J.: 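Shown below is the structure under consideration.
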2 protein chains.
Amino acid sequence: MAAKITSLQVAQKAGVSQSAVSRVFTPGASVSQKTADKVRAAARELGYRPNVLARAMVKGKSRIIGLVVAYLENFFYPETLELLSNALQEQGYHVLVFMTKQTADNIDDVMEEILDYQVDGIVMASVAMSSDISARCQQAGVPVVLFNRGQDIEGITAVSSDNHAGGRTVAEFLIAGEHQRIAYIAGWEGASTQRDREAGFRAGLAAAGHKLHAYAVGDFNTELARQAARDLFDKPANLRPDAVFVANDHMAFAVMDVLRFELNLQVPEDVSVIGYDDVPPAAWLAYNLTTMRQRANLMVAETVDALMDLISTPDTAMPRRVAIDSPLVVRTSARMPKGWNTKGSTNEGF
Amino acid sequence: MAAKITSLQVAQKAGVSQSAVSRVFTPGASVSQKTADKVRAAARELGYRPNVLARAMVKGKSRIIGLVVAYLENFFYPETLELLSNALQEQGYHVLVFMTKQTADNIDDVMEEILDYQVDGIVMASVAMSSDISARCQQAGVPVVLFNRGQDIEGITAVSSDNHAGGRTVAEFLIAGEHQRIAYIAGWEGASTQRDREAGFRAGLAAAGHKLHAYAVGDFNTELARQAARDLFDKPANLRPDAVFVANDHMAFAVMDVLRFELNLQVPEDVSVIGYDDVPPAAWLAYNLTTMRQRANLMVAETVDALMDLISTPDTAMPRRVAIDSPLVVRTSARMPKGWNTKGSTNEGF
DNA sequence: TTGAAAGCGCTAACAC
DNA sequence: GTGTTAGCGCTTTCAA
């Protein structure tokens with residue numbers, strides 16, 4: 001193992017000062033062409049590259065973004081992570097991953113750890129934020145953006161889908177499909193996404209003079225979702241729902257499995273199923289799930305944009321509350337309303 | 001935004017020297033209880049925490065592990081990432097993510113970037129390694145472990161499943177199931193996993209006096225896998241395969257969709273399908289895929305163990321070549337051999 | 001344009 | 001056990 005090459009060694013080899021070397025590797029510093037050439041030659045020969053950490057120390061900027069994420073089982077998050085990491089890489093940043101459980105003190109610990117790394121910003125995905133933590137980051141001068149979670153804390157930037165409108169659209173679609181007994185399987189109550197989807201859904205039903213026929217909680221957990229499906233559907237045909245909106249796709253797949261393979265129900269003939277997210281398996285034909293798409297690409301773009309804004313102009317950047325439009329992706333898991341115009345909905349594509 | 005708190009400020013507040021503060025936060029340093037108490041009190045009051053980057057500078061250890069990964073669409077990788085990140089967190093390390101495309105020069109660039117961060121180690125998942133890169137890391141003194149890829153480069157640590165044995169097991173299972181026309185849909189030829197699975201599979205067939213009835217390449221890509229399935233199966237019943245081993249689950253789902261929904265074939269009555277990985281959707285009942293499990297938990301444990309070994313004793317640690325045993329998970333996508341004893345296979349669980 | 005010098009926040013000898 | 005001192009590898013004044 002050879003020792004690490006420092007700028008000083010390059011300087012000596014090139015016959016210049018150490019600070020000259022630094023300038024050559026500092027975009028926009030003033031160096032003569034001649035010096036630059038000499039230095040680059042020496043650097044190449046030695047295999048020198050500037051030490052990012054040392055640079056971070058003196059500049060007070062690490063070019064690291066901390067990402068806090070609770071679970072990757074829901075395929076929406078891997079997708080997000082890939083998009084986010086790529087987008088950030090393009091801006092010269094990198095993602096340091098912190099996994100956490102949802103419990104509050106765990107998150108507190110994780111936040112402290114994150115701050116220890118002097119990250120330039122934090123993205124919290126699928127994780128709630130207390131005002132304590134928010135204050136802590138504020139105090140440390142580290143901008144935070146919430147991804148796929150809304151929050152009522154003042155001054156915090158949050159990027160999510162328009163879950164309320166999304167829930168409402170589902171209600172409209174189901175009603176247009178002439179469903180009579182409409183059910184809802186909820187996600188985890190701690191999540192704003194769950195609350196907004198449900199509220200929008202209920203509002204949509206109410207607006208058409210309908211009300212929820214049945215309700216169960218799945219907590220964004222497949223096993224609980226499965227149980228919820230049994231509770232709701234293991235009944236005589238005239239009592240059981242003829243449609244169910246499941247708060248995310250991850251649960252919806254489990255629900256469809258129970259419906260078809262445990263209860264011998266046809267989807268959508270016996271019951272229509274609608275999910276939320278449009279994760280990749282939703283398009284797999286064995287499910288072919290009608291669902292609300294979360295436009296991860298746009299959500300990530302907004303997140304990165306907000307972050308860059310907050311980082312470059314911490315004093316003037318305004319906190320944003322972004323709600324990306326969420327289109328309905330019509331597939332075959334829900335009965336198609338007669339003459340449903342595809343306003344705001346889509347079969348595929350963006 | 002308050003300024004960042006330094007150890008010096010804590011020292012002043014506590015009325016001790018700056019190095020005393022440092023000692024308090026250095027496990028195993030010698031400090032009196034009294035000093036420690038004073039310092040901790042002051043630190044808490046000020047909200048002080050040591051700057052990890054500064055510590056990294058002087059110690060030459062960043063406690064950051066770089067993870068290079070090409071894609072997260074194959075659900076095997078998110079699972080890995082979650083496991084890896086958790087395991088590393090327990091050891092006081094964190095994962096810095098670098099996404100890359102498979103192309104060689106891209107990887108070169110990514111490696112340089114990684115090295116710039118002074119990572120203590122690198123995990124390359126689903127990414128091949130050239131001997132150039134290997135040499136570069138060696139020179140920089142940064143240990144690398146290959147995850148889910150073998151490699152013939154000398155002295156490099158690689159952790160994967162026993163893909164050869166796995167492929168062989170699939171052949172045995174299919175033959176025991178009295179299949180006559182056995183096909184294979186290959187993954188990307190650049191991947192050792194693909195090559196080993198195929199070699200093992202062919203060896204297993206040969207050992208029983210069988211040979212491959214048909215072959216197509218899916219490159220670990222769903223669209224190509226779909227096309228491969230059409231090429232192989234869109235023929236009269238007596239010509240088409242009655243079983244297919246697909247090089248990973250990700251492709252196997254796409255293949256099953258084509259079989260069932262485009263070609264109207266029954267699985268497993270008309271054709272048995274076997275995958276590799278045992279990603280979560282393999283257990284979803286709509287697929288219920290018989291597959292070889294990659295024991296991600298064990299693979300990750302080995303990876304972390306090897307890494308810690310390499311980091312703590314760089315001079316004496318031996319490169320490892322680990323091949324984790326890969327059990328067959330019998331579900332319903334392949335015809336069950338009569339009297340198949342479950343030696344080495346499993347229905348669920350570990 | 002360039003070099004010398006002063007730190008960034010911390011750890012690790014080294015004396016006391 | 002504790003303070004003093006010398007860096008870790010870099011960027012950034014400041015003079016020249």
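Quantities reported herein were computed from a predicted structural model and do not represent experimental measurements.
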J.: Given the ring of F25(A), does R40(A) sit roughly above its face, with NZ or CZ under 6.0 Å from the centre of the six-membered ring and within 45° of the axis?
T.: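 The answer is yes, since R40(A) meets both limits relative to F25(A).
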J.: Counting side-chain heavy atoms from C-beta on, which of dT11(D), dG3(C), dG9(C) comes nearest to R23(A)?
T.: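 That would be dG3(C).
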J.: Which whole-number value in Å describes the distance from D37(A) CG to dT1(C) P?
T.: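 The answer, rounded to whole Å, is 14 Å.
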J.: Round to a whole Å and report the spacing from CZ of R63(A) to C1' of dC10(D).
T.: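 Atom CZ in R63(A) sits about 16 Å away from atom C1' in dC10(D).
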J.: Rounded to the nearest angstrom, tell me the gap between atom CD1 in I5(B) and atom C1' in dC8(C).
T.: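 In whole Å, dC8(C) C1' and I5(B) CD1 are 16 Å from each other.
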J.: Are a donor atom and an acceptor atom from the side chains of S134(B) and S131(B) found within less than 3.5 Å of each other?
T.: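 The criterion, which ignores hydrogens and geometry beyond distance, is not satisfied for S131(B) and S134(B).
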J.: Both Q18(A) and T35(A) contact DNA chain C. Which one's nearest nucleotide lies toward the 5' end?
T.: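 Its nucleotide being nearer the 5' end, the pick is T35(A).
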J.: According to the interplanar angle, ranging from 0 to 90°, do the rings of Y71(A) and Y77(A) count as parallel (below 30°), tilted (30 to 60°) or perpendicular (above 60°)?
T.: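 Perpendicular, since the angle between the ring planes exceeds 60°.
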J.: Check every atom of dC10(D), dG1(D), dT11(C) against the side chain of K59(B) and return the nucleotide holding the closest atom.
T.: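 The listed nucleotide nearest to K59(B)'s side chain is dT11(C).
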J.: Between dG7(C), dC10(C), dT2(C), which one does the side chain of V58(A) approach most closely?
T.: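 Comparing dG7(C), dC10(C), dT2(C) against the side chain of V58(A), the answer is dG7(C).
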J.: Check the orientation of F75(A) and F75(B). Use parallel for under 30°, tilted for 30 to 60°, and perpendicular for over 60°.
T.: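 Answer is parallel, since the angle falls under 30°.
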J.: How many whole angstroms separate atom NZ of K61(A) from atom C1' of dT12(D)?
T.: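 K61(A) atom NZ is separated from dT12(D) atom C1' by 16 Å.
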J.: Can you tell me the distance, in whole Å, between the CD atom of Q12(A) and the P atom of dG9(D)?
T.: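 Interatomic distance, CD of Q12(A) to P of dG9(D): 13 Å.
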J.: Nearest whole Å is fine: how far is dC10(D) P from M57(A) CE?
T.: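 Checked: the CE to P distance equals 13 Å.
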J.: Any donor-acceptor pair under 3.5 Å linking the side-chain atoms of S126(A) with those of N148(A)?
T.: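 No.
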J.: Do S30(A) and dT2(C) share a donor-acceptor pair, side chain to base, under 3.5 Å?
T.: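 A donor-acceptor contact between them is absent.
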J.: Check every strand shown and say whether T6(A) touches a base, only sugar-phosphate, or nothing at a heavy-atom separation below 4.0 Å.
T.: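 T6(A): backbone/sugar contact only, no base atoms under 4.0 Å.
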J.: With a 4.0 Å cut-off on heavy atoms, is S7(B) in touch with a base, just the backbone sugar-phosphate, or nothing at all?
T.: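 Sugar-phosphate only.
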J.: Is the distance from OP1 or OP2 of dA4(C) to the nearest side-chain N or O of S17(A) less than 4.0 Å?
T.: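 No, S17(A) has no side-chain N/O under 4.0 Å of OP1/OP2 on dA4(C).
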J.: Take atom CG of L53(A) and atom P of dT11(D), then tell me their distance rounded to the nearest Å.
T.: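 Going from L53(A) (CG) to dT11(D) (P), I get 12 Å.
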J.: Over all strands shown, is S22(A) touching base, sugar-phosphate only, or nothing at heavy-atom distances under 4.0 angstrom?
T.: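 Base, at least one base atom sits under 4.0 Å.
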J.: State whether S32(A) places a side-chain N or O below 4.0 Å from either non-bridging phosphate oxygen (OP1 or OP2) of dT1(C).
T.: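 S32(A) to dT1(C) OP1/OP2: no side-chain N or O under 4.0 Å.
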J.: For K38(B) and dG1(D), give me the distance from atom NZ to atom P, rounded to whole Å.
T.: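 Answer to the nearest Å: 15 Å.
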J.: Contact class for V16(A) vs. all strands (heavy atom < 4.0 Å): base, sugar-phosphate, or nothing?
T.: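 Sugar-phosphate only.
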